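Predicted model only: the values in this text are computed from it and were never measured.
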Protein chains: 2
Amino acid sequence: MSPRSSTHADPELASALRIAVMRLARRLRAERVQTDLTLTQLSALACLERHGPLTPGELAAHEKVQPPSMTRVATVLAARGLVDRVPHPSDGRQVLLSVTAAARALLVEDRRRREAWLVEHLAALSADERAALLAAAPILDRLAGA
Amino acid sequence: MSPRSSTHADPELASALRIAVMRLARRLRAERVQTDLTLTQLSALACLERHGPLTPGELAAHEKVQPPSMTRVATVLAARGLVDRVPHPSDGRQVLLSVTAAARALLVEDRRRREAWLVEHLAALSADERAALLAAAPILDRLAGA
DNA sequence: TATTGTTATACTCTATAACTATA
DNA sequence: TATAGTTATAGAGTATAACAATA
């Protein structure tokens, strides 16, 4: 590589990286667990698990949907025993949503399936290639958090 | 790293990589061009551009939707001057859909915006970090194509 | 008769507006 | 009066079933 390639390569790196990341994400998304939950519902569950109990309003804000939409999602999830709704301890207007044990199991299974595909295909790479991905992963994650 | 890490690390690498790729993809997706086209419509256009002229049935199969759904998408895109519908040369039942120049310009702009964000944030990385991503990109792409 | 595409119709998801209950 | 949540209603998007045209 030429010395100036580090500045020079940025647009090309961006292009190559964007395409590769989007393609791989699409492939991984396709491996979702076979359940009749929608992506919206799965995403809401994952958000609740990640952040702990939230009010419907907070969850709607996290998931970038309007409160009435989240009401509907929460109703479905509650009916299937995947979320609990408990009254807020100090404010009678509010409700707290939290994931049930069944939901945790479902999320674990969802992740396991997606990773199973990836583990299988990582095994086909060389040790050097895996090392390259291992080095890249935290940088990708940092980019995503920016 | 220990000598056995290359086998040992696979589940952990898979987990770290999956999370990073999905997060970054979500972030990149959020940078979509401000147009009132839906993701379905944009995706159909991109598919047509990538593969060249296709019949509605072929396009529906590529995009994993049913033919009537694609009819609807194609109708909207045709009304906006983003796709052309021409009769199939040899089979009168079929139609060929293709992107117009306006659609190509729109897709170029869409990609440019997504890359703009990435270029900006890549510039904040060190040269070593960019080199690590440059090495990883083709491997990620190969994984996605598997 | 089989196939391609479209039209008819229904269901899901999400949104805005109106309503209820609590602060 | 302001706020949290829900209910009422409407607009996309996609699906299945039925139809029209061509092979």
Has B:R130 got a side-chain atom pairing as donor or acceptor with B:L122's backbone, closer than 3.5 angstrom?
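Yes, the answer is positive, given that a donor and an acceptor are paired below the 3.5 Å cut-off.
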
ring-ring contact (aromatic ring centres under 6.0 Å, His included) pairs touching residues 75-103 of chain A, sequence neighbours excluded, are none

query = Do B:L118 and B:L107 belong together in a cluster built from hydrophobic side chains that touch within less than 4.5 Å?
reply = no

Between side-chain atoms of residues 66-77 of chain A and protein atoms elsewhere (two or more places apart, or another chain), which donor-acceptor pairs fall under 3.5 Å?
{"from": "A:T71", "atom 1": "OG1", "to": "A:P67", "atom 2": "O", "distance (Å)": "3.3"}
{"from": "A:T75", "atom 1": "OG1", "to": "A:T71", "atom 2": "O", "distance (Å)": "2.7"}

Note: with side-chain heavy atoms under 4.5 Å as the link, the other cluster members for A:I19 come out as none

Min and max contacting nt of DNA chain D in 5' to 3' order, chain B heavy atoms within under 4.0 angstrom, are D:dG13 to D:dA23

Look for any protein N or O under 3.5 Å of an N or O in nucleotides 5-8 of chain C and output each such pair with its distance, or none.
{"from": "C:dG5", "atom 1": "OP2", "to": "B:G57", "atom 2": "N", "distance (Å)": "3.2"}
{"from": "C:dT6", "atom 1": "OP1", "to": "B:R85", "atom 2": "NH2", "distance (Å)": "2.9"}
{"from": "C:dT6", "atom 1": "OP2", "to": "B:T71", "atom 2": "OG1", "distance (Å)": "3.0"}

Contacts satisfying ring-ring contact (aromatic ring centres under 6.0 Å, His included) that involve residues 100-133 of chain A (not counting sequence neighbours) are A:W117-A:H121

**Asked** Ignoring hydrogens and geometry, is there a side-chain-to-backbone donor-acceptor pair from B:H51 to B:C47 under 3.5 Å?
**Response**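 Pair found, side chain donor or acceptor close to backbone of B:C47.
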
Taken to the nearest whole Å, CD/B:Q66 to C1'/C:dC11 is 15 Å

Sorted by position of nearest nucleotide on DNA chain C, 5' first, the leading residue of A:Q41 and A:S90 is A:Q41

DNA chain C nearest-nucleotide lookup for A:T40 and A:D91: closer to the 5′ end is A:T40

Quiz prompt | NZ/NE/NH1/NH2 to OD/OE distance under 4.0 Å, B:R18 and A:E115 | solution = yes

Just how far, in rounded Å, is P of C:dC13 from CG of A:L77?
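Taking CG of A:L77 and P of C:dC13, I get 11 Å after rounding.
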
